[in-house]
Asks: 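Below you'll find the structure I mean.
Along the sequence shown, residues are numbered consecutively beginning with 1.
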Amino acid sequence: MFNVQLSFTNTTIFQFSSSFMAQHHLQLAATSSHGWLRATPSDAHSETSVDKRWDSLAFNPVKTDYIYVMKSCKDGSFSNGGLRQYGNIEISPSAAVLNYGQGIIENLKAYKNKNGSIILFRVEENGLRMRVGADRMCMPAPTIEQFVEAVTSTVSANERWVPPSNKGFLHVQPLLMGNGPVLSLIPAPEFIFLIYVTPVRNYFEGGLKPINVVVENDIHRATLGGVGNIKAIGNYAGIMKAQAKAKANGFSDVLYLDSIHNRYLEEFSTANVFIVKDNTISTPVLGRTILPGITRKSIIEIAHRQGFKVEERLVPVEELFDADEVFCCGNAVCVLPVGSITLNGKRVDYGESGFVVS
């Protein structure tokens, strides 16, 4: 057992105390026609109905109190965003996000400490990644400052939905969508930035236990020149078929290979992959198909400081059979050890080392 002092360059860990939450006045638009509300943090609401739900939480959406909505201006900038009551939003039937998939997502978590304070980790990294993804998708995006303010405001307003430290966490989902009528294949004339939050438990039903994974040979999650390295909304629908087949066969998740050689490791369905051999930790090198995970980046920094050799490179699938450990990481799955991997009917089991590194 050891302690790791988390200290990251150019990053902020936001911590909110209960007194801050109670006194924090959220910046809201004044135009009532958009449904904006002058809201205070939701800890004033009755806690009874919420407290009963913690033990039955799953990784499913729950209707909370407030969402954050901000629309783009004609010059591509964003302004006049604010909170409104949780509910449906209006969108054009010919919106670019519906017809051509012009949209990206982010996701992060709010945790509650044992002392009751609420923590957000590396929020500005999510804001930066959204801007990079937006550029690839021909979309304007909020500034990093606007992104951080919107996230903190939304979490603050939904404070009562942050589970206790041992019961789960608050999933925060920012979306950037092309709205406005389009028929030709062109960028949307208007964009919506939206954040909703929901209390959830672990991504996998088994909790933070080793998962059993199958390697996919036919379906690929990303291709060179595509958008696998950003969080485009269409990245996930294309792998649902492989994931559904894997779960029907008793596996927890799917590990995908590159689309050119069908040999090098890429990612799990929603997580980056690491393999451990002796004192070396290897992970697929970032490029045009690998998502630059914020948890991934943090693990690499911690591993260096713990004295591990970290290699970002092409990782052949054969190395899975000689690895000491394999683990995955991501916002949803946290850091999760892999108990076994099956490739073409051949299964390798891990765990003799006790998953020491992961």
Side-chain angles (χ1 to χ4, degrees), residues 29 31 33-36 61 67-82 84 86-108 126-147 150-151 154 172-196 218-244 256 258-260 266-267 269-270 286-293:
T31 309
S33 61
H34 291 291
W36 307 129
I67 62 174
Y68 188 97
V69 182
M70 182 162 55
K71 294 184 178 180
S72 65
C73 303
K74 290 184 178 180
D75 63 359
S77 64
F78 285 81
S79 63
N80 298 327
R84 59 184 296 178
Y86 188 105
N88 296 335
I89 63 169
E90 184 175 321
I91 193 166
S92 170
S94 56
V97 67
L98 298 179
N99 294 269
Y100 299 117
Q102 191 182 25
I104 55 178
I105 62 172
E106 273 297 328
N107 29 61
L108 58 153
N126 292 92
L128 175 60
R129 190 168 64 180
M130 173 168 275
R131 290 185 62 82
V132 172
D135 181 71
R136 173 65 177 83
M137 300 287 284
C138 295
M139 306 169 72
T143 66
I144 295 176
E145 292 76 14
Q146 287 176 319
F147 184 95
V151 169
T154 310
V172 183
Q173 185 104 348
L175 301 93
L176 184 61
M177 304 173 288
N179 192 23
V182 293
L183 190 58
S184 299
L185 187 57
I186 57 174
E190 178 185 273
F191 296 86
I192 296 176
F193 174 67
L194 168 72
I195 300 176
Y196 71 90
D218 297 322
I219 294 176
H220 300 281
R221 65 163 297 277
T223 59
L224 287 175
V227 291
N229 62 334
I230 65 171
K231 291 186 73 67
I233 60 173
N235 286 352
Y236 302 92
I239 61 175
M240 287 181 181
K241 188 179 182 72
Q243 191 178 40
Y256 296 91
D258 75 285
S259 62
I260 302 298
E266 292 261 299
E267 294 183 26
S269 298
T270 59
L286 294 180
R288 290 174 289 176
T289 60
I290 305 295
L291 184 71

Asks: Roughly how far apart are L176 CG and I233 CD1, rounded to 0.5 Å?
Replies: 10.0 Å

Asks: Ignoring hydrogens and geometry, is there a side-chain-to-backbone donor-acceptor pair from N235 to I230 under 3.5 Å?
Replies: yes

Asks: Between F193 and Y68, what is the ring plane arrangement, given parallel below 30°, perpendicular above 60°, and tilted in between?
Replies: perpendicular

Asks: A222 and G228: which non-hydrogen atoms are nearest, and at how many Å?
Replies: CB-CA, 3.7 Å

Asks: In the structure I gave you, are the side-chain heavy atoms of P174 and L108 within less than 4.5 Å of one another anywhere?
Replies: yes

Asks: Could you tell me if the side chain of L175 sits less than 4.5 Å from the side chain of Y196, heavy atoms only?
Replies: yes

Asks: What pair of heavy atoms forms the shortest contact from A95 to N99, and how long is it?
Replies: O-ND2, 2.9 Å

Asks: Using every non-hydrogen atom in the two residues, find where G76 and P140 come nearest and quote the distance to one decimal.
Replies: O-CB, 3.0 Å

Asks: Answer whether the closest heavy-atom distance between the side chains of D258 and H220 falls below 4.5 Å.
Replies: no

Asks: Nearest 0.5 Å, please: how far is CE in M137 from NZ in K231?
Replies: 13.0 Å

Asks: Checking R221 side chain against I239 main chain: does a donor-acceptor pair fall under 3.5 Å?
Replies: no

Asks: Do you know the tightest heavy-atom contact between I144 and G127?
Replies: CG1-C, 4.1 Å

Asks: Are Y236 and S269 side-chain neighbours, meaning at least one heavy-atom pair lies under 4.5 Å?
Replies: no

Asks: Spell out, as yes or no, whether a donor-acceptor pair under 3.5 Å connects the side chain of S72 to the backbone of F191.
Replies: yes

Asks: Got a second to check how far K71's NZ is from I89's CD1, nearest 0.5 Å?
Replies: 8.5 Å

Asks: Indicate yes or no: at least one non-hydrogen side-chain atom of T289 is less than 4.5 angstrom from one of L224.
Replies: yes

Asks: How close do V69 and L194 get, heavy atom to heavy atom, and via which atoms?
Replies: CG2-CD1, 3.6 Å

Asks: What's the spacing between R131 CZ and I104 CD1 if we round to 0.5 Å?
Replies: 10.5 Å

Asks: Could you pull out the closest heavy-atom pair between P181 and S94, with the gap in Å?
Replies: CA-OG, 3.1 Å

Asks: How many angstroms lie between OG in S92 and CD1 in I192, if you round to the nearest 0.5 Å?
Replies: 10.0 Å

Asks: What I'd like to find out is whether the side chain of V182 reaches to under 4.5 Å of the side chain of P189, using heavy atoms alone.
Replies: yes

Asks: side-chain contact (heavy atoms from CB on, under 4.5 Å) between I195 and V151: does it pass, once the steps are laid out?
Replies: CA-CA 7 Å; I195 300 176; V151 169; 3.9 Å; yes

Asks: To the nearest 0.5 Å, tell me how far M177 CE sits from I105 CD1.
Replies: 11.5 Å

